[in-house]
Amino acid sequence: MAYLTRDQVKTIVTDSLSAIADLPADVESATFDMLNDDHKKVFLANLKSNLNASPYYNDDGSTSDTSYYDVDLTMSSFANWPTVKDCIDWVEDNQTSYPKN
């Protein structure tokens, strides 16, 4: 089982965020202050959906459709993320994988 790399997580996070907000050139230093609660809920839903839809990587680098990535996301998650960089790092550190049923 292989987890998503930081670069892969960064792409998922920025894609999820760019669906609702304009991103600065230095996205990692951006904060979530520009989002109201409704935007945050949409971002979390996008992030979860994009993580779940990401290809599952085997240890050898190949992909399979046997499992999916997930992370426990709630509105209180934002307390752990002063910046987008913190979000990326947190998702990378807290990702799990589950077999598809």
Side-chain angles (χ1 to χ4, degrees):
M1 164 178 69
Y3 288 106
L4 295 170
T5 66
R6 187 180 189 288
D7 286 341
Q8 291 167 321
V9 170
K10 181 179 178 179
T11 298
I12 292 168
V13 169
T14 55
D15 287 352
S16 301
L17 189 56
S18 68
I20 58 165
D22 292 329
L23 301 179
D26 182 9
V27 67
E28 290 198 26
S29 66
T31 68
F32 292 97
D33 294 341
M34 75 283 214
L35 303 181
N36 63 35
D37 284 349
D38 289 334
H39 291 134
K40 288 178 180 179
K41 289 174 187 172
V42 171
F43 168 66
L44 292 177
N46 288 346
L47 180 54
K48 185 164 217 45
S49 178
N50 290 338
L51 274 171
N52 292 163
S54 179
Y56 179 77
Y57 291 90
N58 298 306
D59 288 334
D60 66 1
S62 64
T63 60
S64 69
D65 195 33
T66 60
S67 297
Y68 66 96
Y69 297 103
D70 201 9
V71 67
D72 186 29
L73 298 170
T74 65
M75 286 294 284
S76 63
S77 299
F78 285 96
N80 298 314
W81 308 334
T83 65
V84 173
K85 177 192 180 302
D86 297 308
C87 173
I88 294 165
D89 293 341
W90 187 91
V91 170
E92 180 189 15
D93 292 343
N94 290 281
Q95 64 182 300
T96 57
S97 64
Y98 297 102
K100 290 184 176 178
N101 293 336

All pairs passing salt bridge (charged side-chain N to carboxylate O under 4.0 Å, His left out) where residues 23-39 contributes a residue, at least two apart: R6-E28, K10-E28
Plane angle bin for W81 and W90 - parallel if under 30°, tilted between 30 and 60°, otherwise perpendicular: perpendicular
Mutual orientation of the aromatic rings belonging to Y98 and Y68 [parallel < 30°, tilted 30-60°, perpendicular > 60°]: tilted
From V13, N52, L17, residue fulfilling side chain to side chain contact (heavy atoms under 4.5 Å, CB included) relative to L47: V13
Any donor and acceptor pair, going by atom type alone, linking the side chain of [X] with main-chain N or O of [Y] inside 3.5 Å?
X	Y	value
E92	V9	no
K48	V71	yes
D86	T83	yes
T31	P82	no
S54	L51	no
Y3	D93	no

Looking only at heavy atoms, what is the nearest atom pair of [X] and [Y], with distance?
X	Y	result
P99	S67	CA-OG, 3.6 Å
F32	C87	CZ-CB, 3.8 Å
S64	N58	OG-OD1, 3.5 Å
P55	Y69	O-CE1, 3.2 Å

Trace of the side-chain hydrogen bond (donor to acceptor under 3.5 Å, both in side chains) decision for D60 with S62: CA-CA 6 Å; D60 66 1; S62 64; 2.5 Å; yes
What is the distance from atom [atom1] of [X] to atom [atom2] of [Y], rounded to the nearest 0.5 Å?
X	Y	atom1	atom2	answer
K40	I20	NZ	CD1	10.5 Å
Y57	T5	OH	OG1	8.0 Å
N80	D89	CG	CG	12.0 Å
K41	L35	NZ	CG	13.0 Å
N46	I12	CG	CD1	12.0 Å
T11	Q8	OG1	CD	8.0 Å

Over 12 non-hydrogen atoms of neighbours within 6.0 angstrom of CG in D65: no
